[in-house]
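This structure is a prediction, so every number in the text was calculated from the model and none was measured. Lettering follows sequence order; numbering is per chain, from 1.
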Amino acid sequence: MSEDLRALVRRIQPGMTLALPVDYAGVSMAITGPLIRHGAGDLHLVCVPTGGLQVDQLIGAGLVRSVETSAVSLGEAGGAPRFNDAIKRGNIRVLDATCPAIHAGLMAAQKGVPFMPTRGLIGSDILSNRADWQVIQNPFATGDSIAVIPAIRPDIAIFHAPMADRDGNVWIGRRRELAAMAYAATQTLVTVERIVDHSLLADETTAAGTLPALYVEAIAKAPRGAWPYGLWGEYATDTDELIRYAAAARTAEGFAAYMEQEVRA
Amino acid sequence: MSEDLRALVRRIQPGMTLALPVDYAGVSMAITGPLIRHGAGDLHLVCVPTGGLQVDQLIGAGLVRSVETSAVSLGEAGGAPRFNDAIKRGNIRVLDATCPAIHAGLMAAQKGVPFMPTRGLIGSDILSNRADWQVIQNPFATGDSIAVIPAIRPDIAIFHAPMADRDGNVWIGRRRELAAMAYAATQTLVTVERIVDHSLLADETTAAGTLPALYVEAIAKAPRGAWPYGLWGEYATDTDELIRYAAAARTAEGFAAYMEQEVRA
Amino acid sequence: MTVLPREILICTIARLLQDVRHVAVGASSPMPAAGAMLRRALDEGQRKVRLSILGSVEHNFFTNGSAELFDSAGQGRLDAFFLGGGQIDGMANVNLVGVGTYPQMSVRWPGSFGSAYLYFTVPRVILFREEHSPRVFVEKVDFISAPGISTPETYRPGGPVALLTSKALFSFDSQRPGFRLESVHPGHDLQEILDATGFQFDHDDIPPTTPGPDAATLSLLRDRVLNELSETYPAFAAQWRRDLAEAIPDGASA
Amino acid sequence: MTVLPREILICTIARLLQDVRHVAVGASSPMPAAGAMLRRALDEGQRKVRLSILGSVEHNFFTNGSAELFDSAGQGRLDAFFLGGGQIDGMANVNLVGVGTYPQMSVRWPGSFGSAYLYFTVPRVILFREEHSPRVFVEKVDFISAPGISTPETYRPGGPVALLTSKALFSFDSQRPGFRLESVHPGHDLQEILDATGFQFDHDDIPPTTPGPDAATLSLLRDRVLNELSETYPAFAAQWRRDLAEAIPDGASA
């Protein structure tokens with residue numbers, strides 16, 4: 001493990017709220033092992049807007065108190081075994097959401113407002129189980145109720161991206177949910193495939209897909225850092241590995257053995 | 001004037017709401033003359049979030065009923081003469097706003113919600129003169145008032161950009177307020193410097209700065225179509241021309257003579 | 001003319017998508033994607049049909065992150081969407097969360113994804129679940145991820161219009177409210193549908209059979225659509241080709 | 001040591017920006033930009049000072065359109081901002097809209113821009129208006145683009161901390177509330193300030209003189225900052241150089 005990665009995870013304190021991206025947007029799988037060895041627990045995870053392998057592994061390692069998410073799964077490899085098991089045992093609290101509600105909460109933080117309204121939700125058991133959400137009257141119409149979602153302000157956002165420059169600017173392309181996470185979070189930690197020598201902001205073409213260094217606290221180089229997930233424009237998802245994990249993690253022992261092997265690798 | 005430009009302006013009906021971008025974001029000055037000759041009046045303009053030469057000329061031509069804006073000026077060339085004159089005479093209605101409130105109204109339309117909250121504003125004469133805005137209680141705290149801005153849903157958004165591809169995708173770079181306008185508007189009309197043969201979405205680098213064709217109703221080629229404004233990465237603002245206009249447009253006659261000459265040119 | 005069961009489903013989906021401009025399908029939904037591709041092929045030259053496949057790079061024309069799908073639905077730019085469900089009940093309530101008492105459920109599924117939003121905002125939501133059994137089609141779902149109907153004062157431009165399973169096609173009437181059996185797929189019958197469905201539904205005494213494609217449509221499906229599909233869903237396309245080879249031993253595909 | 005009046009202003013701005021991490025200045029604001037550049041040069045090696053110049057391509061590290069400045073202020077990522085005003089009154093109310101009765105005003109200015117938001121959200125707002133006259137500094141503004149003070153229950157992490165003019169520097173106390181004359185620039189005196197200011201303010205009987213820069217700071221200003229500034233504000237920088245050549249005939253710039 002690189003010293004850079006160790007420096008990243010040292011920023012994570014027990015009890016913090018971490019925002020993590022959806023499978024295909026750039027998951028920093030490279031940070032998962034160091035995070036587990038770092039051991040800061042009692043974490044609250046916010047999946048933007050759904051979770052997968054990383055969330056399952058952090059839950060399996062016992063670091064997670066609660067998860068706000070619209071779903072957790074391993075996609076083609078099936079359900080998330082440690083997540084499902086933790087729910088059955090009542091070991092974690094799940095705040096079930098729907099994707100645009102999580103986006104709305106992050107947008108509220110981005111805009112510096114206490115809440116955002118969102119359509120849908122009314123009449124769902126998602127809403128009826130979220131005491132932290134409200135339904136208000138639309139002040140611009142009569143008899144129109146609308147759900148309002150409070151700002152989600154993660155302590156730390158973590159993701160993986162193709163490249164960063166020496167100034168700390170990060171190229172996120174069209175995966176703008178990564179920018180949304182960073183705007184909303186207090187600190188953003190990024191792993192990247194490579195560090196480039198030219199400024200990503202100097203050219204209008206690359207600038208268009210760049211998250212400015214203003215929002216980025218620390219960066220570590222981690223080639224193939226999304227593996228076994230893919231990274232857009234770089235490499236595809238290793239579905240066989242996800243299936244291998246899904247089979248191993250059906251039991252706590254299988255999970256432990258898998259993770260042990262990963263740590264050694 | 002090209003047939004393409006004529007086809008664009010034919011979509012504009014009297015009484016419509018048009019969204020127009022800030023000076024430096026890509027103003028389609030090329031459409032201004034055709035729009036004036038087209039003659040559809042009684043327009044409501046929404047400046048995103050401020051206006052300049054184009055707004056002044058549309059007002060001078062008598063096509064404008066009202067303007068929602070955070071400011072109208074010619075920047076270094078001074079105040080906007082036809083705007084200022086129209087206000088003095090009471091010929092147009094101005095809905096004075098502040099930049100983030102206009103962004104909030106467009107964001108509400110983008111998200112399909114009836115309103116967005118925004119901080120600030122309380123105690124200002126901007127707020128006290130906007131009967132169409134409201135102040136509500138933050139449902140997540142006691143004694144915390146917050147302004148809410150209703151959705152702004154323009155009939156038409158109009159802007160100028162460096163390029164479009166044959167599928168109708170438009171490259172807007174980091175000028176994402178152009179995307180915000182397009183998301184919020186029913187139709188979006190775009191003039192561009194050039195049409196390129198390769199798909200802007202095929203490559204992740206250009207895709208990051210591309211507004212998809214889904215939001216674009218029609219495109220016309222208009223080289224140097226922002227002139228006398230500049231276009232980022234393409235050409236600089238022609239401040240001398242803005243100054244020439246500012247001097248000419250001090251009077252209605254001077255404005256008419258300037259526009260006459262422009263039309264002939 | 002031999003027509004595979006999945007080809008009946010795909011052609012039915014294409015029929016349900018008549019007149020759409022923009023349809024979105026989930027990441028692992030080859031059949032809805034095939035139906036949308038067939039619709040696009042059928043409409044070529046008359047109308048442009050846009051197809052978004054979530055999570056795909058090839059069929060993704062969004063450039064504003066994963067929020068853009070929901071935004072475009074909120075703007076009224078998304079005409080049709082597909083929704084599954086671990087449980088679906090007679091009021092078209094959908095459960096994507098699990099079985100048992102929430103939150104500590106005996107069976108937990110991934111979660112509601114965007115259903116609690118898209119079910120309200122997309123005018124034509126097609127419920128698509130191949131497994132047609134009493135454990136899926138229940139009288140009352142254990143958890144409402146997204147409700148099938150809403151009170152009149154609830155903002156709801158969208159909602160369910162149809163339910164398509166491996167056995168039958170239902171329509172949904174939000175006014176009555178309830179499902180009506182529109183047609184039974186070849187090889188199935190009404191009694192089988194009644195036995196396999198845990199909720200009440202309207203039906204004719206002798207319901208019609210779900211129509212198959214005409215020769216031109218079938219040819220379009222097996223040539224162009226199958227080719228297009230194999231880029232995004234190679235495993236599904238390969239299986240389809242194998243099944244075709246088996247069903248039509250001479251190798252002719254139309 | 002000859003110091004130009006504008007150099008006093010720029011050094012005062014740099015002083016007011018002590019400890020900031022991120023400062024934004026308007027498009028046509030060379031003096032605030034110079035002050036921020038001087039701050040950045042002074043802090044080099046100790047802290048990173050980020051400077052955003054609105055509308056500039058060179059000094060723009062935003063990539064999310066013109067909303068990003070306001071978003072970053074809402075997130076608490078913008079520490080300092082400059083605000084002018086056609087009128088400013090003793091309660092630090094700012095008027096950027098016009099003179100007379102709204103809306104059909106006798107003199108109309110461009111408008112409020114982002115003032116009604118940034119004045120509330122940026123912790124250190126520096127009012128900067130060179131013209132120090134009774135028509136600018138009025139007892140009560142004709143239109144409040146942005147109020148100087150708010151009720152205690154209003155969310156307001158930001159607000160005015162200082163007012164800098166061509167004649168003097170004031171601080172603002174939002175508790176009292178009101179301005180206090182902190183110092184008078186060289187070449188001006190208290191009576192002149194009293195005559196030129198249309199609102200009441202606190203002051204010592206003999207107010208201090210605004211300090212000028214030390215030799216090292218002045219050298220940094222005339223070499224590095226002036227060079228940096230000339231990229232974005234060439235006309236302003238050229239005039240400054242001409243004035244220096246005139247004030248210091250031997251051509252030595254420090």
Do [X] and [Y] come close enough that some side-chain heavy atom pair is under 4.5 Å?
X: D/Asp71; Y: A/Tyr183; answer: no
X: A/Gln110; Y: D/Asn64; answer: yes
X: D/Phe62; Y: A/Leu214; answer: yes

Compare every heavy atom of [Y] with every heavy atom of [X], then report the nearest pair and how far apart it is.
X: A/Ala207; Y: D/Thr63; value: O-CG2, 3.3 Å
X: D/Ala67; Y: A/Lys111; value: CB-NZ, 4.1 Å
X: D/Gln75; Y: A/Ala109; value: CG-O, 3.7 Å
X: A/Tyr215; Y: D/Ser72; value: OH-CB, 3.8 Å

Side chain, backbone, both or neither: which part of [X] has a non-hydrogen atom closer than 4.5 Å to chain D?
X: A/Ala213; result: both
X: A/Leu201; result: side chain
X: A/Arg153; result: neither
X: A/Ala185; result: backbone

What do you reckon, is CZ of A/Arg93 surrounded by more than 12 foreign heavy atoms closer than 6.0 Å?
no

Heavy-atom count check: over 12 atoms from other residues, nucleotides or ligands less than 6.0 Å from D/Lys140 NZ?
yes

The interface call for D/Phe120 against chain A, heavy-atom contacts under 4.5 Å, is neither

Out of curiosity, A/Thr186 OG1 to D/Arg77 CZ, how far, rounded to the nearest 0.5 Å?
7.5 Å

